[in-house]
Structure formats: C-alpha cells, structure tokens
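Data block below; observations after.
In what follows, every heavy atom counts, from backbone to side chain, and hydrogens, waters and symmetry copies are set aside.
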Amino acid sequence: MSTTSTKTVASKPADANVKPSQEPRTVKAWPGGIPNARTVMENTLGMAYTPVLIMQGLTILINKLPATQQLYERMNATYSAETIHIFGSLIITTAVYWALGLLFMFADLTERPRWLLKYKVQPWKRVGPKEYAKICAIVLRNQIFVNIPLSVVMGNYIAPFRGMRTNLPLPGVLETVGTWWFCLWCTEIGFFYVHRLFHSPRFYATFHKKHHEYTAPVALASTYCTMTEHALSNLMPVILGLCILGSHWSMIVMYFCDLEIGTLCTHSGYNIPYCHRALTHDYHHYAFNENFGPIGVLDAFYGTSNNFKRIMKEAQARHNGDYDMASRDVLAQLAQWEVEKEERERKAIYGES
C-alpha cells in the first residue's frame, strides 16, 4: 500500500522539466518551526460554506433595513447608475480584498496571532517581506490595468445594456439566493475551462506560469498572475452569471465580495474551520494538473480530482481513518516534490549534473 501511494504522490508535476529563466526563488521556512503547532485539516464541506451563508444572510438583512432603503434613494439621487457601478463596485471590492489579504499577510510576517498558526497547511514554508512586496506590486498592477478598465466598460456599456439596476426595489430572499447559486455554476464552468486551458503546454508558460511560482500560496497571491489571466480567468467567469441575469448592483457587490473572500481563504495557506478550504487548492499548486475548478463538480466529471481523492483515501487507510494525519502525510510528500524541483532548477542554472 505505502509503495503504491508514494509513487502516486511523488510523480513529477507537468512543468517539472521547464527550464527556469532566472535564479530559483527561495521561500524560507518558518524559523525554528512553529512551536506546539498541529496543522488542523478537519474542515468539512458544510463548515467551509459558512462564509457563503453569512454573506447571503447579511445581504438579505441589510437590504431589508429602512436605513438601506433611504441610502439607496439618496445614492441614486446624487450619483448616476454608471458612477455607482464603476466607483461603488471598485471601492467596495478593492477594500474587501486588501483588508482580508493584509490580515493574512500580517499573520505570515509576524506569526501573530499565535492561535492561527496551528491551521497553517504548509508550516515548513514561509513567504518573506521581499516576496510579499513583489506580490503586492503585481496585484496592484492587475487592479489598475484590468479591474478599472473592466469596471468602466461594465458601468458604461454592459450594465445599461443588461438593465442592471442600482435603484429600488432591492432584491428579496429568493432573488438573492437564486442569483448566488446561478452565478456559482457559471463561475465553475467559466473558471474550470479557462484554467484548464491555461494549463495546456501551448498557453501555460505565457499566461499561467507566473501564478504557479508559489507552490505554498498566500492570500494576496490569489491574483498574482498575468493581466490576461486576471481578466479571462479571475474576472470574466465571475461577471458571466451576473450579466446573464442582469443582476441588481447589490447582487454584484455581494457575489464579488463572496468570491474574493473565498479565493483569499483558499490561497491563504490556512485551513481554518468554517472558512473556505485551502488544502484542495494547495494540492493544485503542487500537483499542477488536478483540482482546476472552484467547487470541484467539473473536476469530478472529468476525473481531474481522482488522483487527489485516491491519495487522500490511501493516506487515511495508513492512519486508521485519521483525516488530519492523512493530510499531513500527503503534504509531506508534496513538500518533497518542492525540494526535488528546486534542486533540478539549481542544477539547470549552474550547469551541474
């Protein structure tokens, strides 16, 4: 059993033989390890969807408040629908992204709060200040040169064409929940196919390799990518369902903020209970050719999550069904991939045999 599992896990990622173009990037380990830390992996699917339920509940509650009704009346009396779509959406979604992303960055750089460290998926990996500066620069570039132009197009052309209102009446319970589920399926379809296409040999090096520089991803690295990938993979699938439905502006804000929270958590490297699960996507950053989709439905259909599921099942069998120990076992194997890959890169650069 153990021999078969090891061979399955330790097979080379698809990009293992890509010749590096620069000095190997080094991600430092946590100094001295994490004292008394135990990576807690148990975060069930139901627990992971708690943020979604909270976001939907808050949206429904806020939209029913008399103060919200008054706010929308004043907002639409003061600003045009185009202005609300462009600047309102940009300000709110950007603030949410940086607020949560910077909190995770603070935890990574300071090892505070200490209780959070036990949820670190890869406690032997650490992204330092210089790496974070590089990540933040790319994220800002994408927001300036992709988010802003796309918001202008959305506000001036797409929203009026699709009748995406900013005024009263506000969506009720059924519209809120229905919009979220419809848009989630559109995101699953759009993101899966674009993401998988970018992993093909023809497009990977040009469009997607930058995002995979981090096999131990951090929250802000969720949009560390080329501008083409950011537009076609990160944003277009999210906009797709909203445009089809002609959704109200409040639904746009709700869904974008929910997706931002989700992608930040899945890239954070912390598998925090009752938050979006990080382990599945961490495995993608290691294994390269598995777990493409955000919710896993199309991965199950195409069999692109079979290896991950088999590895986890075999690891659980070795540890008498202990999911936490099985996850740590798999991550240890994946860490060996990283060591071997960096060694290959070092030898390729310095001409060592």
Side-chain angles (χ1 to χ4, degrees), residues 1-16 27 29-30 33-50 115-126 188 192 195-196 199 212 214-217 262 265-344:
M1 175 68 74
S2 60
T3 302
T4 303
S5 175
T6 301
K7 287 182 179 179
T8 303
V9 178
S11 59
K12 291 182 181 179
D15 68 333
V27 181
W30 295 79
I34 302 176
N36 302 319
R38 178 173 181 266
T39 304
V40 179
M41 298 295 176
E42 190 60 58
N43 190 18
T44 66
L45 186 63
M47 293 165 67
Y49 273 90
T50 299
W115 61 263
L116 185 62
L117 300 183
K118 68 179 179 179
Y119 299 115
K120 189 70 176 172
V121 176
Q122 300 181 38
W124 56 86
K125 287 290 185 181
R126 185 176 190 176
E188 167 75 358
F192 176 89
H195 190 189
R196 194 173 184 186
H199 271 266
H212 275 269
Y214 294 91
T215 51
C265 288
T266 55
H267 282 85
S268 69
Y270 295 93
N271 202 52
I272 307 169
Y274 299 102
C275 288
H276 296 273
R277 293 187 289 185
L279 177 60
T280 303
H281 195 69
D282 265 47
Y283 181 84
H284 169 76
H285 274 257
Y286 264 119
F288 182 81
N289 56 1
E290 290 234 345
N291 299 346
F292 294 107
I295 61 176
V297 174
L298 288 176
D299 279 306
F301 179 77
Y302 286 103
T304 50
S305 59
N306 289 351
N307 194 40
F308 174 69
K309 292 176 181 177
R310 181 172 63 253
I311 290 167
M312 287 300 303
K313 184 176 181 180
E314 291 172 354
Q316 281 184 273
R318 290 196 300 273
H319 295 284
N320 299 317
D322 189 322
Y323 183 82
D324 177 66
M325 292 301 298
S327 300
R328 297 173 70 189
D329 188 355
V330 170
L331 284 167
Q333 292 289 331
L334 299 179
Q336 185 60 35
W337 272 2
E338 178 72 0
V339 172
E340 293 173 358
K341 182 180 177 182
E342 290 185 355
E343 181 65 14
R344 286 194 299 271

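Scored by the side-chain contact (heavy atoms from CB on, under 4.5 Å) test, Lys309 finds Ala300, Ser305 as partners (sequence neighbours excluded).
A pairwise comparison of heavy atoms in Pro294 and Glu188 identifies CD-OE1, 3.0 Å as the closest pair. Scanning both residues, Glu290 and Asn307, for their nearest heavy atoms gives OE2-CB, 2.5 Å.
Summarising the geometry, atom SG belonging to Cys275 is positioned 10.0 Å from atom OH belonging to Tyr119; distances are rounded to the nearest 0.5 Å. Going from atom CG of Leu298 over to atom CZ of Phe301 covers 8.0 Å, rounded to the nearest 0.5 Å. With rounding to the nearest 0.5 Å, the separation of NZ in Lys118 from CD1 in Ile272 is 11.0 Å.
Side-chain rings of His284 and His212 approach one another, their centers coming within less than 6.0 Å.
Counting heavy atoms from C-beta on, the side chains of Phe192 and Thr304 come closer than 4.5 Å. Between His199 and Asn289 there is no side-chain heavy-atom pair separated by less than 4.5 Å.
The closest donor-acceptor contact from the side chain of His267 to the backbone of Pro217 lies at 3.5 Å or more, if one exists at all.
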